[in-house]
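In what follows, a single structure is set out as structure tokens and then discussed.
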Amino acid sequence: MAQYTSNDGKLLLDILYRINQTEDIVSFGKTALFFIRTYRNFSSGMFFSLKALNNDVVIDTAVFDDDKPPSRFDQFLNGRYDNDKLLKAMTAASDSCAFRDEDLFGQKELLKSDLYRNFITPEGFRYVARIELMDGSTPIGQFVLLNTAEEGDFDNGFIGLCNTLAKHLSLKARQLQRAAEVTSLGLSKAPEELKRLYGLSDRECEIALLIANGLSDREISEALVISTSTVRKHVHNTYEKMGVNNRAAFVQKLFTDGKPRENAHTM
């Protein structure tokens, strides 16, 4: 089990604070990569925001710490490695976690993987650590950290820190992804509309949009770092102001009252 010093704890809190200030998935990925590197330098890092599509998991957004993808990344994107057992194992985690590829497979098995032999090794990398982000049983993101032989392998302390970060990173990634979905539905200015139409507070507007994206009271409390009882109080007040008494009626009213008015403001 990894042992943490007081400095590790301070760094962890600082990383979480900086990451929680991000407002979109790209800045989330870049910020996390930057501050994880303050704990343990690595040769290269990338972040993939994932989404489910036709019973498969695909890359929605790719973020690179130096803004430059590996030279063979186009081969990765065009599906060349879709059936590689290493890639499939990367999205088969049951919970948010951090690990080294060698922990999962062992070096001999890694060398049998086309992804490892034809993509990772030719780029000059020897060691790979990953942080898998999950929403329940669904993969929603993955950080990939790579080192050359000269840089050395990732130690247990670093993997332990990343494992602690994994759940927090998952919550923030899920929050940002769902916020983006709200925007794509034409509700990017919904808070102003909800304030004008129903007199909702800033916090009530925030919770209203999370409800619209299917989050439960418990999930909202985790995402906003407030108690479940506080969430329920805000939900009760929101329903009362909007003249509804359940989630189904709330969502219907939100999209019938909010979305058309939002579209009217869009040029």
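Atom set for the values below is all heavy atoms of this structure, side chains included, hydrogens, waters and symmetry mates excluded.
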Within the structure provided, determine whether Leu110 and Ile120 are in side-chain contact (heavy-atom separation under 4.5 Å).
no

Which atom of Thr121 lies closest to which atom of Arg117, heavy atoms considered:
CB-O, 3.9 Å

Does any part of the side chain of Ile19, heavy atoms only, come nearer than 4.5 Å to the side chain of Phe35, both counted from C-beta?
no

Which residue pairs pass the side chain to side chain donor-acceptor pair (under 3.5 Å) test when at least one of the two sits in residues 232-244, sequence neighbours left out?
Glu204-Lys241

side-chain contact (heavy atoms from CB on, under 4.5 Å) between Lys112 and Phe105: does it pass, once the steps are laid out?
CA-CA 10 Å; Lys112 297 177 184 178; Phe105 285 97; over 6 Å; no

Side chains of Leu33 and Leu145, heavy atoms from C-beta outward: is any pair under 4.5 Å?
yes

Between Asn147 and Ser43 (side chain of the first, backbone of the second, donor and acceptor by atom type, cut-off under 3.5 Å), is there such a pair?
yes

Return the set of residues passing salt bridge (Lys or Arg N to Asp or Glu O under 4.0 Å) with Asp202 (not counting sequence neighbours), or none when no residue passes.
Lys195

Verify same cluster id: Leu171, Leu224 (apolar side-chain graph, 4.5 Å):
no

Please, which pairs that meet ring pair (Phe, Tyr, Trp, His ring centres under 6.0 Å) have at least one residue in residues 132-167, sequence neighbours excluded?
Phe28-Phe143, Phe47-Phe143, Phe154-Phe158

With sequence neighbours excluded, tell me which residues meet salt bridge (Lys or Arg N to Asp or Glu O under 4.0 Å) with Asp103.
Arg100

Non-neighbouring partners of Lys30 that pass salt bridge (Lys or Arg N to Asp or Glu O under 4.0 Å), sequence neighbours left out:
Asp67

Run the salt bridge (Lys or Arg N to Asp or Glu O under 4.0 Å) test against Asp60 and tell me which residues pass, sequence neighbours left out.
Lys51

Can you run down the salt bridge (charged side-chain N to carboxylate O under 4.0 Å, His left out) pairs that involve residues 11-22, sequence neighbours left out, and say none if there aren't any?
Asp14-Arg18

Write down the atom of Ser27, the atom of Thr31, and the distance for their closest heavy-atom approach.
O-OG1, 2.7 Å

List the atom of Ala173, the atom of Ile140, and the distance in Å for their closest heavy-atom pair.
CB-CD1, 4.3 Å

Testing the basics here: between Asp24 and Leu176, what is the closest heavy-atom pair and its distance to 0.1 Å?
O-CD1, 3.6 Å

Under the salt bridge (charged side-chain N to carboxylate O under 4.0 Å, His left out) rule, what pairs show up with a residue in residues 148-158, not counting sequence neighbours?
none

Here the gap from Ser221 atom OG to Leu210 atom CG, rounded to the nearest 0.5 Å, amounts to 11.0 Å

Are Ile131 and Ile159 linked, directly or through intermediate hydrophobic residues, by side-chain heavy-atom contacts shorter than 4.5 Å (ILVMFWY only)?
yes

Donor-acceptor contact present, side-chain Asn163 to main-chain Ala98, <3.5 Å
yes

Please name all residues satisfying side-chain contact (heavy atoms from CB on, under 4.5 Å) with Leu111, sequence neighbours left out, ordered by chain then number.
Gln107, Tyr116

Kindly state each residue pair satisfying side chain to side chain donor-acceptor pair (under 3.5 Å) with at least one member in residues 165-176, sequence neighbours excluded.
Ser96-Ser170, Asp135-Arg174

Which pair of non-hydrogen atoms, one from Thr148 and one from Gly124, has the smallest distance, and what is that distance?
CG2-O, 3.4 Å

First locate atom CE of Met134, then atom CG of Leu50, and finally report the distance between them rounded to the nearest 0.5 Å.
9.5 Å

Could you state whether Phe119 and Phe64 fall into the same hydrophobic cluster, counting links through intermediate Ile, Leu, Val, Met, Phe, Trp or Tyr residues with side-chain heavy atoms under 4.5 angstrom apart?
yes

Shared hydrophobic cluster for Phe48 and Phe99 (ILVMFWY, side-chain gaps under 4.5 Å):
yes

Rounded to the nearest 0.5 Å, how far does CG of Leu133 lie from CG of Asp95?
11.0 Å

Measure the shortest side-chain to side-chain distance between Leu146 and Glu123 over non-hydrogen atoms and say whether it is less than 4.5 angstrom.
no

Please check if the side chain of Asp217 supplies one atom and the backbone of Val231 the other of a donor-acceptor pair under 3.5 Å.
no

Tell me whether Thr61 contacts the main-chain N or O of Ser49 through its side chain, where contact means a donor paired with an acceptor under 3.5 Å.
no

Determine, for Phe42 and Arg37, whether the Lys NZ or Arg CZ falls below 6.0 Å from the six-membered ring centre while staying within 45 degrees of the axis.
yes

Partners of Pro122 by side-chain contact (heavy atoms from CB on, under 4.5 Å), sequence neighbours excluded?
Arg72

Say you draw a straight line from CZ of Arg130 to SG of Cys97; how long is it, rounded to the nearest 0.5 Å?
11.5 Å

Check Val63 against Gly29 and note the closest heavy-atom contact, atom names and distance.
CG1-C, 4.2 Å

Reported CD1-to-CD1 distance for the pair Ile226 and Ile207, which is rounded to 0.5 angstrom
4.5 Å

Polar side-chain atom of Glu219 near backbone of Ser216 as donor-acceptor pair, under 3.5 Å
yes

Contacts of Asn245 that satisfy side-chain contact (heavy atoms from CB on, under 4.5 Å) - sequence neighbours left out
none

